[in-house]
Each structure stands twice: as structure tokens, then as C-alpha cells.
J.: 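Below you'll find the structure I mean.
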Amino acid sequence: MFKVRYLLALIVALAQPAVQAREGVEVGEASKFSQLVPADDVEQQAKQQYVQLLAQADKKNALGAPNHPQVVRLRQIANKLIPHSLEWNPRAKNWKWEVNLIGSKQINAFCMPGGKIVFYTGILDQLQLSDDEVAMVMGHEIAHALREHARERMGKTTVTQGAARIGGALAASIFGIDPRITDGLARGGANLLSLEFSREDETEADLVGMELAARAGFDPRSGVSLWEKMSASNKDAPPQWLSTHPSGRTRIDQIERNLDKVLPLYERAKANR
């Protein structure tokens with residue numbers, strides 16, 4: 001009887017489909033800190049700041065028109081990347097994705113929570129980015145939004161501020177400091193337009209962004225030339241241990257170590273064009 005049950009169990013196990021290992025990069029689970037802040041609140045705040053930014057740019061005649069060649073180009077690249085983002089965050093399927101261009105010498109781009117993407121003309125013009133390199137930048141910025149790094153940072157701030165309020169109350173009682181001052185120092189709204197991410201977040205965004213670009217048919221090896229250009233334009237950057245961002249050399253090394261995980265995705269996407 002035992003042998004029969006064993007054989008039946010073995011047959012059932014063999015009949016089960018094999019679990020496929022995930023293709024692509026490995027970055028682990030999203031931070032639990034993000035769960036401390038409601039996603040809807042973060043996305044609504046991002047939308048408000050985004051609308052204000054575009055209004056200010058439009059007032060200065062710095063907002064790229066829909067038929068601007070670079071706007072058309074950016075939106076075409078985004079349309080190829082976005083479908084591959086849904087695996088990383090199920091909320092992304094309901095985001096109202098937007099892509100805009102602002103005339104500025106800043107070498108910068110970002111994607112706010114909720115899928116609001118902005119490029120500055122400086123990063124396109126000064127670095128003379130190819131489409132593959134633009135896709136790497138855009139993929140990186142989209143990855144920040146998908147992995148909810150802004151929400152994570154806000155969650156960490158919530159914990160820090162909670163501790164600061166307790167410390168502030170103690171300071172107020174011990175040293176006679178006005179508690180309104182200590183509590184005010186503990187508070188502070190998040191500016192999602194200037195939020196800096198940790199080195200770990202930046203590395204994660206590099207890897208996820210590289211995979212998004214590869215799946216969309218953009219050469220992930222362009223990440224190397226991208227960061228060579230970025231490093232050349234940022235020679236006065238502080239040492240890595242004094243910066244929230246990894247050095248260009250560190251980023252290139254990380255990209256090169258993970259190319260074998262995404263090149264097959266790129267080759268497949270290129271073959272299916």
C-alpha cells in the first residue's frame with residue numbers, strides 16, 4: 001500500500017509543470033518601508049507637483065510641444081518600455097503615463113510616482129544620447145517609480161520623524177525648549193521633484209532599467225557608454241562614499257556583471273521586431 005501511494009505521489013509530482021527560473025535581473029523584494037505610506041497619497045502628491053512643474057515650464061516657454069522631434073522621440077521610446085513595466089508593479093497598469101520635455105541645461109531626467117516622466121533638453125543635447133542610451137536613462141527612472149523608492153524614502157522618514165518627535169519631546173522637557181520648535185524640525189513634506197535616493201536604490205534602478213530596456217529591444221550594453229558620458233560630464237562629483245549615487249565606474253561594473261542576464265532578452269526582442 002505504501003509503495004502504491006509513493007508511486008502515485010511521484011506520478012503527480014512529475015506531472016506538475018516545472019517552475020521556470022525568472023529571466024532577467026535579481027533585485028529582491030521591494031522595501032517594507034514603502035508600506036508605511038499610502039501609495040495613493042504619494043501618487044496624488046506627485047501629480048500635483050508634476051502639474052505645477054509643467055505649468056512653470058510652459059509659462060517660461062520651456063515646455064516641449066507635442067510635435068517637437070525630441071518629444072516625439074521620447075514618447076516612442078516610452079511606449080516600448082512601459083508594457084514591460086507591469087511585471088514589476090501591478091499598480092503601473094492603472095497609471096496615467098505621461099512623457100514631457102523641458103528646455104533646460106540640466107543633465108537630468110526623472111519619473112515620478114504614477115508614471116510622470118520628464119526629460120530636460122540638457123541631458124539629450126549635451127550628452128548626445130542615442131536611442132539605446134535614452135532607453136537606459138528612461139528605464140532607470142521608470143524603475144525608481146516601479147520599485148516605489150520615493151514611497152520607501154517617505155516611509156523611512158516617517159519612522160525617523162517619529163523617533164525625532166519622541167526625542168524632541170524629551171529635549172523640550174529636559175532643556176526647556178519650546179516643543180513646537182522641536183516638533184517642527186521633525187516634520188517636513190517630501191519634495192518628490194528633488195528627492196535623492198540611496199546608492200542601493202540607484203543600483204537597483206540601474207539593473208531594473210537595464211532589463212526594461214532589453215525587453216523593449218534596446219541594447220543594454222549602451223549603459224556602459226551612457227555612464228562613460230555621464231562621468232565625463234560630472235568630473236567634479238564627490239567621491240562615492242560622500243555621495244548618494246554610486247560612482248560611474250561602479251555603475252559600469254555592475255552593468256557589465258549583469259549583461260549576461262539581459263542580453264538574451266534583448267536578442268529575442270530584436271529578433272521579434
J.: To the nearest 0.5 Å, how far apart are NZ in Lys270 and CZ in Arg268?
T.: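 If we round to the nearest 0.5 Å, Lys270:NZ and Arg268:CZ are 13.5 Å apart.
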J.: Does Met210 reach the side chain of Ile255, with side-chain heavy atoms less than 4.5 Å apart?
T.: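 In short, these two side chains touch, coming nearer than 4.5 Å.
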J.: Specify the closest pair of heavy atoms between Ser85 and Ala92, including all atoms of both residues, with the distance to one decimal.
T.: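 Heavy-atom minimum between the residues: OG-CB, 4.1 Å.
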J.: Please report the shortest heavy-atom distance between Leu212 and Leu81, naming the atom on each side.
T.: O-CD2, 3.6 Å
J.: Would Val71 end up clustered with Val137 when hydrophobic side chains under 4.5 Å apart are linked, directly or stepwise?
T.: yes
J.: Should His144 and Glu204 be marked as a side chain to side chain donor-acceptor pair (under 3.5 Å) after you check the CA-CA gap, both sets of side-chain angles, and the distance that decides it?
T.: CA-CA 8 Å; His144 275 310; Glu204 186 175 289; over 6 Å; no
J.: Do Leu86 and Leu146 come close enough that some side-chain heavy atom pair is under 4.5 Å?
T.: no
J.: Quick one: pull up OG in Ser222 and NZ in Lys229 and give me the separation to the nearest 0.5 Å.
T.: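 Here the interatomic distance stands at 9.5 Å.
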J.: What's the shortest heavy-atom distance between Glu133 and Ser225, and which atoms?
T.: OE2-OG, 2.6 Å
J.: According to the side chain to side chain donor-acceptor pair (under 3.5 Å) rule, which pairs have a member within residues 253-262, sequence neighbours left out?
T.: Arg249-Asp253, Gln254-Arg257, Asn258-Lys261
J.: If you look only at pairs with a residue in residues 68-82, which of them pass as a salt bridge (Lys or Arg N to Asp or Glu O under 4.0 Å), with sequence neighbours excluded?
T.: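 Residue pairs passing salt bridge (Lys or Arg N to Asp or Glu O under 4.0 Å), neighbours aside: Arg73-Asp131.
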J.: Listed by chain and number, what are the side-chain hydrogen bond (donor to acceptor under 3.5 Å, both in side chains) partners of Glu87, not counting sequence neighbours?
T.: Arg22
J.: So how far is it from Asn89 CG to Glu148 CD, rounded to the nearest 0.5 Å?
T.: 5.0 Å
J.: Shortest non-hydrogen contact from Leu74 to Met138?
T.: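 Looking at all heavy atoms of both residues, the shortest contact is O-CE, 3.5 Å.
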J.: Side chain of Asp132, backbone of Asp219: donor and acceptor closer than 3.5 Å?
T.: yes
J.: Please list, one pair per line, the donor and acceptor atoms closer than 3.5 Å that link side chains of residues 110-121 to other protein atoms, with sequence neighbours excluded.
T.:
| from | atom 1 | to | atom 2 | distance (Å) |
| --- | --- | --- | --- | --- |
| Lys116 | NZ | Lys96 | O | 2.6 |
| Lys116 | NZ | Glu98 | OE2 | 3.4 |
| Thr121 | OG1 | Ser104 | N | 3.0 |
| Thr121 | OG1 | Ser104 | O | 3.0 |

J.: Are the side chains of Ile123 and Asn108 in contact, using a 4.5 Å heavy-atom criterion?
T.: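 No, every pair of side-chain atoms sits at 4.5 Å or beyond.
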J.: Within the distance-only criterion (no hydrogens, no angle test), does the side chain of Gln49 pair as donor or acceptor with the backbone N or O of Ala46 below 3.5 angstrom?
T.: no
J.: What pairs with Arg91 under side-chain hydrogen bond (donor to acceptor under 3.5 Å, both in side chains), at least two apart in sequence or on another chain?
T.: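 Arg91 satisfies side-chain hydrogen bond (donor to acceptor under 3.5 Å, both in side chains) with Asp40, Glu43 only.
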J.: When you look at Arg215 and Glu23, which way does the salt bridge (Lys or Arg N to Asp or Glu O under 4.0 Å) test go after all the steps?
T.: CA-CA 10 Å; Arg215 288 185 182 277; Glu23 286 188 287; 5.4 Å; no
J.: Within a strict 4.5 Å, meaning less than it, do heavy atoms of the Asp41 and Gln44 side chains meet?
T.: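 No - every pair of side-chain heavy atoms lies 4.5 Å or more apart.
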J.: Can you find a heavy atom in the side chain of Ile77 that is under 4.5 Å from one in the side chain of Phe218?
T.: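 SC-SC contact between Ile77 and Phe218 confirmed.
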J.: Looking only at heavy atoms, what is the nearest atom pair of Val224 and Ile252, with distance?
T.: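 Heavy atoms only, the tightest pair is O-CD1, 3.8 Å.
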J.: Any pair with a residue in residues 79-107 that passes ring-ring contact (aromatic ring centres under 6.0 Å, His included), sequence neighbours left out, goes on the list, sorted by first then second residue, please.
T.: Trp95-Trp97
J.: Indicate, with yes or no, if Leu263 and Val208 share a hydrophobic cluster defined by side-chain heavy-atom contacts under 4.5 Å among Ile, Leu, Val, Met, Phe, Trp and Tyr.
T.: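 As far as the 4.5 Å side-chain criterion goes, Leu263 and Val208 are connected within one cluster.
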J.: Given side chain to side chain contact (heavy atoms under 4.5 Å, CB included), test Asn100 with Leu53 step by step and report yes or no.
T.: CA-CA 11 Å; Asn100 276 290; Leu53 175 68; over 6 Å; no
J.: Quick check for you: to the nearest 0.5 Å, what is the distance between Leu129 atom CG and Gln70 atom CD?
T.: 9.0 Å
